[in-house]
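Here's the structure, in structure tokens; my notes come after.
Sequence lines set the chain letters: A, B, ... in the order given, protein chains first and strands last, and positions in each chain run from 1. Hydrogens, waters and symmetry mates are skipped; everything else that's a heavy atom, side chains included, is used.
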Amino acid sequence: MRDWLFKTEPDAYSIDDLARDGRTRWDGIRNYQARNRLRDEVNAGDRVLVYHSSCAVPAVVGIATVVGTAEPDPSQFDPESPYYDPRSSPQAPRWVMVTLAYQAHLPTPVTLKQIKTDPVFAELELVHRGRLSIQVVDPHSAALILERGGLQQ
DNA sequence: GCCAACGTTGGC
DNA sequence: GCCAACGTTGGC
């Protein structure tokens, strides 16, 4: 099992929305490096730290698990979708998605500020590759973040 | 709303 | 294949 950090803008889709839905298609990823990770490295059962970006307090806010493996993202074929990609086709899909299942909120969100100011997290992609939407988290950092967020493991 | 970082596009 | 122009992300 690997640990990942997936970013979402809470105005668009928040951890509360995921808790309500139980599971959701994590669609709309339109970055090749993120796509390649979803396709090649993200596995069923992997743990995902859900992170809120572009908001008042950017933070890790909860955890989810990956259901199944990557599959074509239907929104790429939908002209009405903001994620429509006219260069893609069902015969040659360009973008993939995975499904996430809600696990828990962190009782206390772990903020980007906390993470940036603690040297133990200096190697995290979140600190120096902030724009990547699908990030690797090493097991030790993941455990620390959950512990600081008040989650028993 | 600004702007730095960085990803993508397309002409050559 | 390079790289300038351009677009997007996301913290502040």
Keeping the roles fixed (side chain from A:His52, backbone from A:Asp11), state whether a donor-acceptor pair exists under 3.5 Å. no
Close side-chain approach of A:Ile63 and A:Val48, heavy atoms under 4.5 Å: no
Check whether any side-chain heavy atom of A:Phe77 sits under 4.5 Å from a side-chain heavy atom of A:Pro93, and report yes or no. yes
Distance-only, no hydrogens or angles: does the A:Asp27 side chain make a donor-acceptor pair with backbone N or O of A:Asp73 under 3.5 Å? no
Give the dot-bracket line for DNA chain C from 5' end to 3' end: parentheses for intra-strand Watson-Crick or G-U pairs under 3.5 Å, square brackets for crossings, | for inter-strand pairing, dots for unpaired. ||||||||||||
Extract all donor-acceptor atom pairs below 3.5 Å that involve side chains of residues 113-121 of chain A and protein atoms in other chains or at least two apart in sequence.
unit_1	atom_1	unit_2	atom_2	d
A:Gln114	OE1	A:Thr111	N	3.0
A:Gln114	OE1	A:Thr111	OG1	3.4
A:Thr117	OG1	A:Lys113	O	2.8
A:Thr117	OG1	A:Gln114	O	3.1
A:Asp118	OD1	A:Val120	N	2.9
A:Asp118	OD2	A:Arg148	NH1	2.4
A:Asp118	OD2	A:Arg148	NH2	3.4

What pairs with A:Tyr102 under ring pair (Phe, Tyr, Trp, His ring centres under 6.0 Å), at least two apart in sequence or on another chain? A:His105
Mind checking whether A:Trp26 and A:Tyr13 have parallel, tilted or perpendicular rings, split at 30° and 60°? perpendicular
Tightest non-hydrogen contact, residues A:Ala101 and A:Val67, listed as CB-CG2, 3.7 Å
For the pair A:Arg2 and A:Asp46, find out whether any cationic side-chain nitrogen is under 4.0 Å from an anionic carboxylate oxygen. no
Side chain proximity check, A:Val42 to A:Trp4, heavy atoms < 4.5 angstrom: yes
What does the B/S/- profile of nucleotides 1-11 of chain B look like, 5' to 3', with a 4.0 Å heavy-atom cutoff to protein? ----BBSSS--
Could you list by number each residue of residues 108-120 of chain A showing a heavy-atom separation from DNA chain C of less than 4.0 Å, or answer none if no residue does? A:Leu112, A:Lys116
Contacts to DNA chain B from residues 52-60 of chain A, heavy-atom cutoff under 4.0 Å, which residues? none
Side chain of A:Gln76, backbone of A:Trp95: donor and acceptor closer than 3.5 Å? yes
Go through the side-chain N and O atoms of A:Ser53 and A:Glu9 and say whether any donor and acceptor fall under 3.5 Å apart. no
